[in-house]
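Order of the sequence lines sets the chain letters (A, B, ...), proteins ahead of strands, with each chain counted from 1.
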Number of protein chains: 2
Amino acid sequence: MHSPELLTNDPFPATAFHGVQAASLESLFGGQVAERLMPGEGVFWEGDAADHVFILVEGCLRVYRTLPDGRRAILGFLYRGDLLGVSCRGRYLFTAEAVSPVKLRRFPRRRFHQVVDETPHLRPLLLAKICDETTAAQDQTILLGQKSAEERVASFLLMIARRSGADTRTPIEIELPFGRLDMADYLGLTVETVSREMTKLKRSGLISLNGSQKVVLRRMRRLHEVAAADDDGEESSTLWDN
Amino acid sequence: MHSPELLTNDPFPATAFHGVQAASLESLFGGQVAERLMPGEGVFWEGDAADHVFILVEGCLRVYRTLPDGRRAILGFLYRGDLLGVSCRGRYLFTAEAVSPVKLRRFPRRRFHQVVDETPHLRPLLLAKICDETTAAQDQTILLGQKSAEERVASFLLMIARRSGADTRTPIEIELPFGRLDMADYLGLTVETVSREMTKLKRSGLISLNGSQKVVLRRMRRLHEVAAADDDGEESSTLWDN
DNA sequence: CGGGTGTTTGAAAGGCATCAAAAAGCGTGG
DNA sequence: CCACGCTTTTTGATGCCTTTCAAACACCCG
């Protein structure tokens, strides 16, 4: 996305981290030791001093905030390759914890920003990451503000599929590493409603279930219709399967 | 698109825009002519090529996205001093239009990013702006996903007050430049529900109305309680008024 | 095989939307 | 200045969707 005219005629002292030229944001974490968390364990909590940036190497994390009375809003799920804690100021504004067994690497936050700031070709990459985060949050706004329970669940399934890098025009099996409660707290619904909408989609033949964690998305076109997507992960082409 | 290594020990050729050293992001717009829009006029539309960034000099804008069937979600309201179009990639993902008579200045987007990228002290400012945007969107997620109609309306009024730079612990009169429909589309409710919740707050004595556009927030403590704020624009101190 | 957690299903209540109409503003023109 | 028509806001009555409360069911692991 950006001319990587690195190094040309310049020593870039700060860019070489640990003696290695960073080609991408991810590569900054290369030298760090991997940490592991079991399901339910936290990476950090809302209000903690934000002194590290993380990259998720393996597994799935949930990121959430809680209201004083205990209600919980899941802001998003993180997968392999996702960065965590980039767009914070002094303190983390949310909690991050493992959904499945997780492997991640951390990097001191100040130094992260220093290195990126001193490395011309990394700067636009960071900006892009944060913009993506903003966009994701705004998609969520539409989902929560305007969509019905059925639309939310369908949108969610398609989002997960898209995240897995799948073409959402052809049937695919996806895995939900989290439980119904996590889905509910992400979608602004209750567990019962999520469950009901899933069985409704199942009875209509749009999806089928292998246990509660594996979902086969079958009739993609209908799913997109039900999702009332304004998004269209891929443009509205005319080559649909069914 | 990206010319790195100027800086170090040079007179900042690119930083000096129109012969003036930019001290802040806002000052970049200094030389641009002001444009005016009347209520309802658009700055740009969802899907337009994103080739400018804007600064709002005066008035109020609404930023929204629409679903294929016409439902509208207002993502936010912009006030004097706010930037617009910073966190976009190729195309604007939302529409921006005037709520009240508006004055704004535009700046070519590529050049904006180029200048910022080449000016060390501007870069963190831009990052901070975008992070704020992300945070705002996530607050919205909580509001829409977890809060009741009453909580949403109370949160909204407090948010507007906070935006006006007011201390939300002491009573204050705020102005709502937009109508109930805009509020509704921002809060994920209908006009009728917003109206009802406003009168409910009025009858409880938490607020009073001067016409439909001016609201006096009276019992701030109760308002915060009703808002079920996890946020606390100002920290939970013990000096409340009533 | 039994306890525990997570999921599904059912019945009833409640909150918000919808439909409808009255009331209040607001600009225009007589 | 008041009358008129239009738009916006408010209020009312009804219905639906989602929540709540409750229980059955499925699954996992000791």
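Rounded to an integer number of Å, the gap from CG of Leu181(A) to C1' of dT7(C) is 11 Å. Nucleotide dT18(D) holds its P atom 12 Å from the CG atom of Leu187(A), rounded to whole Å. Distance CZ (Arg152(B)) to C1' (dA17(C)): 12 Å, rounded to an integer number of Å. Between the CG atom of Asp182(A) and the P atom of dT7(C) there is a distance of 9 Å, rounded to whole Å. The distance between atom CE of Met183(A) and atom C1' of dG6(C), rounded to the nearest whole Å, is 14 Å. The distance between atom CG of Leu144(A) and atom P of dT18(D), rounded to the nearest whole Å, is 13 Å. The NZ-C1' distance, from Lys202(B) to dT9(D), rounds to 10 Å in whole Å. Remark: P of dC25(D) and CE of Met198(A) are 21 Å apart, rounded to the nearest angstrom.
Nearest to the side-chain atoms of Ala149(B) among the listed nucleotides dT20(D), dC19(C), dC16(C) stands dC16(C). Listed nucleotides: dT9(D), dA22(D), dT18(D). Nearest to the side chain of Glu192(A): dA22(D). Nearest nucleotide to the Leu209(B) side chain, out of dC16(C), dT10(D), dT18(D): dT10(D). Of the candidate nucleotides dT20(D), dC16(C), dT10(D), dT10(D) has the atom nearest to the side chain of Val191(B). When distances run from any side-chain atom of Thr190(B) to the nucleotides dT19(D), dT18(C), dT9(C), the shortest one goes to dT18(C).
Taking the six-membered ring for Trp and the full ring otherwise, Phe178(B) and Phe156(B) have centroids separated by under 6.0 Å.
Residue Arg180(B) places at least one side-chain N or O closer than 4.0 Å to OP1 or OP2 of dT10(D). A close approach under 4.0 Å does not occur between any side-chain nitrogen or oxygen of Ser212(A) and OP1 or OP2 of dG6(C). At dT11(D), none of the side-chain N or O atoms of Ser195(B) fall inside 4.0 Å of OP1 or OP2 (strictly under the cut-off).
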**OP:** In sequence, state the C-alpha distance, the side-chain angles, and the governing distance for Glu225(A) and Arg219(A), and then conclude on salt bridge (charged side-chain N to carboxylate O under 4.0 Å, His left out).
**Re:** CA-CA 10 Å; Glu225(A) 288 167 6; Arg219(A) 311 172 65 178; over 6 Å; no
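Using modelled atom types and a 3.5 Å distance limit, the side chains of Tyr64(A) and Glu46(A) yield no donor-acceptor pair.
At a cut-off of 3.5 angstrom, counting only N and O atoms as typed in the model, there is no donor on one side facing an acceptor on the other between the side-chain of Arg196(B) and the base of dG15(C).
Mapped onto DNA chain D by nearest heavy atom, Thr193(A) and Phe178(B) fall at different nucleotides, with Phe178(B) at the one closer to the 5' end.
With a 6.0 Å radius and a threshold of 12 heavy atoms from other residues, nucleotides or ligands, Arg36(A) has its CZ atom at or below the threshold.
The distance from the CD1 atom of Ile174(B) to the NZ atom of Lys214(B) is 11.0 Å, given to the nearest 0.5 Å.
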